[in-house]
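Report on the following structure.
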Number of protein chains: 2
Amino acid sequence: MSSSSPPVRNGRRPSVKDVAERAQVSLGTVSNVLNRPDRVSAGTRERVERAMVDLGFVLNESARQLRMGRSNTFAYVMLDATNPFFTDVARGIELAAEKADLSLFLCNSDGRSAREHAHLAHLQQQRVDGILITPVDPEAPELARIIAQGTPLVIVDRATTTGTFCSVTVDDRLGGRVAIEHLVDRGHTRVAYVGGPVAIGQVRERWEGARAAWSDAGLAESDLVHVETETLSVEEGRVAGERIAGLPRRSRPSAVFCANDLVALGLLQQVVSTGQKVPEDLAIVGYDDIAFAASAAVPLTSVRQPRQSLGRTAAELLIDEVNNPEHLHQQVEFTPELIARTSTLG
Amino acid sequence: MSSSSPPVRNGRRPSVKDVAERAQVSLGTVSNVLNRPDRVSAGTRERVERAMVDLGFVLNESARQLRMGRSNTFAYVMLDATNPFFTDVARGIELAAEKADLSLFLCNSDGRSAREHAHLAHLQQQRVDGILITPVDPEAPELARIIAQGTPLVIVDRATTTGTFCSVTVDDRLGGRVAIEHLVDRGHTRVAYVGGPVAIGQVRERWEGARAAWSDAGLAESDLVHVETETLSVEEGRVAGERIAGLPRRSRPSAVFCANDLVALGLLQQVVSTGQKVPEDLAIVGYDDIAFAASAAVPLTSVRQPRQSLGRTAAELLIDEVNNPEHLHQQVEFTPELIARTSTLG
DNA sequence: CGTCGTGGTTGAAAGGTTTCACGTCGCGAG
DNA sequence: CTCGCGACGTGAAACCTTTCAACCACGACG
């Protein structure tokens, strides 16, 4: 049989055994070629390697993993793969993983608990070495269970009350605060906070930070209203824009703080398309400072988060947790920063 | 030992064997509970299930896969996970996969062959049931090899000359054509095409379509210039903007057609920030019609591609290839559509 | 001329699951 | 009472890899 023989014969894929047979060596030797090439003489090594390419041999990772007990793979379960914020976080993770010679699988829960659950179960069964996740609900007992069952897990961009995880977050309360302080500085006395659902910790904490800053400024609680949205999407931003436009003149806010940039961009788009001026008629602050915020209809003031560092740090914590027996869980918190642009400066 | 015993004892994770032992049944019965619950009496089933939760049993997917030979998993190797175009494609795939009860892993090659290669090797070793990929280089022999070695693979959004794959594409030549026809209609007689590197088939075909339309309109070849970029990113769009601004007045184009929206948005941003008017001073056409195109500084005219359908169709082809023994490779081609907005209409 | 490394290779065991041919038990029919 | 049958349950084999103790040949050394 020459090297032109079909790589896949009779449906079964070639295994080390087949390679061994063809190279006239024992099975252990093939494994040595694969894992400790220095221990095998040049001649045999070459013969074995030759046999591998002739047969189109592909190592069976399941079998290796079964034997070895680890997979050299991390996974990041993203909350929303279409939100640039999370893809930037993912990129940070990817780079850190690559440096540590780990494969990274991305999974998208799309904000749905059911899909998240399915992905988590699958990853656990796959015995990935560790999981990074931005969970739909950080309090879900499932997360603690996964750790208890032996798969390290770190929470990305979500606060956790208990100390059972490593987590990497950005101070959302502070983020809400700086956004509102900025608007107050610009003289606004009636402001809407747009975002939801409040079940999302993010949304809640930014709101709390906003309210705290508002009352610290001595303004009336009733002049900071919460316009709640179903999700944090561009579409919902548009809808919110319409709702705000529909408010009676005297109760209409002069500025809006959005729980993220997608909402802000949707809202901005709706506002501009109806001929209103930003920021003259309505000032807008977003959150995340995604790349598209700067190139929006009106460049968007936004609260920047260190997206890539968030991902990198999370991955590093996970790597430590996996390798270091005396690892201690840490909660790392980054600080957000207001980037002021035309949408509030005029 | 009560149900409060620690789930992970002595470092080893519980296996079906442990479950069997605790439930006082044989190992085969546990497997039956897992896979054919109807074949086991209610009493034993309950006992086994109880033992599983007590022990915190998690099925070892590697072992199952090793035995079964298939994994019920697809993977999509994305070219650029930060480009909203690809995340929308991924979403289409995700939804189709979910409907077919498959898990989906996303991998990001980040446009780098090396990383793509690493991901592919890993996926092949993992024995995923099928791979979807938007490759860095669709001609790479590696892709054909993967198929030959038994892993079905479909190419997403890249043309392939040979008929060895299923592929799903959008007619890029036509896309380039409609973009240029639109600009010609609007009276432009000097236009730049911004994008690169030409090694990317996409970039090349849109350029070819553009040139064909240009000469069909009877315009001089030298009046359609190609401004080449390193990559298709926002940053490169900005750079291109500067280069165009630096051109001597008489050779400066009155309109620009960008190879994708990221480039277009970067360029738009640069142009607007230097006080030029779009489209009066420079008209801009993008490509992809990502969600952010509509909310850009000046709403962007763009060539829309059916992103989600692209993904869904690709996944469906792959599912067919996996399940249907008489599957035939197909090349599905979608048709792009020009969405005219302010950036060319004024 | 035995003995002792030593570099190179071997073969069996282990790892967790599924499958399948085969027992066992109880019960109704003959 | 026996036979046969259905419902349940069993245990061994197979999937593919890695590891490790043992083995072999052979040159060096005493």
Side-chain angles (χ1 to χ4, degrees), chain A residues 8 10-49 51-52 55-72 121-122 124-127 149-150, chain B residues 8-49 51-52 55-73 121-122 124-127 149-150:
Chain A
V8 178
N10 73 31
R12 223 184 85 273
R13 303 212 198 190
S15 72
V16 281
K17 195 163 164 191
D18 300 313
V19 174
E21 203 168 294
R22 176 178 248 259
Q24 310 265 39
V25 295
S26 86
L27 191 152
T29 301
V30 176
S31 177
N32 280 337
V33 171
L34 251 20
N35 303 302
R36 302 191 288 310
D38 43 306
R39 300 235 177 121
V40 30
S41 73
T44 20
R45 181 167 61 235
E46 203 178 298
R47 230 166 54 239
V48 170
E49 275 161 355
M52 293 205 210
L55 260 45
F57 169 75
V58 177
L59 196 137
N60 186 326
E61 178 71 21
S62 301
R64 159 180 254 158
Q65 214 174 112
L66 175 58
R67 182 64 227 260
M68 306 275 279
R70 54 181 300 175
S71 59
N72 288 326
H122 187 222
Q124 216 188 347
Q125 293 179 0
Q126 288 267 1
R127 300 285 194 267
Q149 291 179 339
Chain B
V8 178
R9 307 160 308 178
N10 73 31
R12 222 184 87 275
R13 299 170 112 135
S15 73
V16 280
K17 196 163 163 189
D18 300 314
V19 174
E21 203 168 293
R22 176 178 248 257
Q24 311 263 43
V25 294
S26 87
L27 192 151
T29 301
V30 177
S31 177
N32 280 336
V33 170
L34 252 19
N35 303 301
R36 300 190 290 310
D38 43 307
R39 301 235 176 124
V40 29
S41 72
T44 21
R45 181 168 61 235
E46 203 177 296
R47 227 165 58 239
V48 170
E49 276 161 354
M52 293 204 209
L55 260 46
F57 169 76
V58 177
L59 195 137
N60 185 326
E61 178 70 22
S62 300
R64 159 181 254 161
Q65 213 174 115
L66 174 59
R67 182 63 228 256
M68 306 275 279
R70 53 180 301 172
S71 59
N72 288 326
T73 302
H122 187 222
Q124 217 188 347
Q125 294 179 0
Q126 288 267 1
R127 300 286 193 269
Q149 292 179 340

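Scope of the values below: all heavy atoms of this structure, side chains included, with no hydrogens, waters or symmetry mates. In what follows, every chain begins at residue 1, and chains take the letters A, B, ... in the order their sequences are listed.
Among the heavy atoms of the strands, none lies under 4.0 Å from A:V30.
By the 4.5 Å heavy-atom criterion applied to side chains, A:L34 and A:M52 are counted as neighbours. Between B:E61 and A:Q65, the closest side-chain pair of non-hydrogen atoms is not below 4.5 Å.
As a whole-Å value, the separation of A:E61 CD from D:dC16 C1' is 12 Å. We find that CG of A:L34 is positioned 16 Å from C1' of C:dT9, with the value rounded to whole Å. Look at CG on B:N32: it is 13 Å from P on D:dG11, rounded to the nearest Å. Nucleotide C:dA12 holds its C1' atom 13 Å from the NZ atom of A:K17, rounded to whole Å. With rounding to whole Å, B:L66 atom CG is found 13 Å from C:dT19 atom P. Taking atom CZ of A:R13 as the reference point, atom P of D:dT17 lies 11 Å away to the nearest angstrom. Distance, B:Q125 CD to D:dT17 C1': 12 Å, rounded to whole Å. If you measure from atom CG of B:L59 to atom C1' of C:dG16, you get 8 Å, rounded to the nearest angstrom.
Take the nearest nucleotide of DNA chain D for B:L27 and for A:S15: the residue whose nucleotide is more 5' is B:L27.
Out of D:dT19, D:dT10, D:dG9, the shortest distance to the side chain of A:R67 is found at D:dT19. Side-chain proximity of A:R64 to D:dG9, D:dT17, C:dG16: nearest is D:dT17. Residue B:N60 places its side chain closer to C:dG16 than to any other of C:dT9, C:dG16, C:dT18. Out of D:dT19, C:dG16, D:dT17, the shortest distance to the side chain of A:M68 is found at D:dT19.
Residue A:E21 places its CD atom among 12 or fewer non-hydrogen atoms of other residues, nucleotides or ligands, all under 6.0 Å distant.
For A:R39, no side-chain nitrogen or oxygen approaches OP1 or OP2 of C:dG8 to under 4.0 Å. Considering only side-chain N and O atoms, A:S31 lies nowhere under 4.0 angstrom from the phosphate OP1 or OP2 of D:dT19. Of the side-chain N and O atoms in B:T44, one or more sit less than 4.0 angstrom from OP1 or OP2 of D:dG9. Between A:R36 and D:dT19, a side-chain N or O to OP1/OP2 separation shorter than 4.0 Å is present. Using a 4.0 Å cut-off, some side-chain N or O of B:T29 falls inside it from OP1 or OP2 of D:dT10. For B:S41, a side-chain nitrogen or oxygen approaches OP1 or OP2 of D:dG9 to under 4.0 Å.
Shown are A:V33, A:T29, A:V30; of these, the side chain to side chain contact (heavy atoms under 4.5 Å, CB included) with A:V16 is made only by A:V30.
The nearest pair of heavy atoms linking B:Q149 to B:Q124 is OE1-NE2, 2.6 Å.
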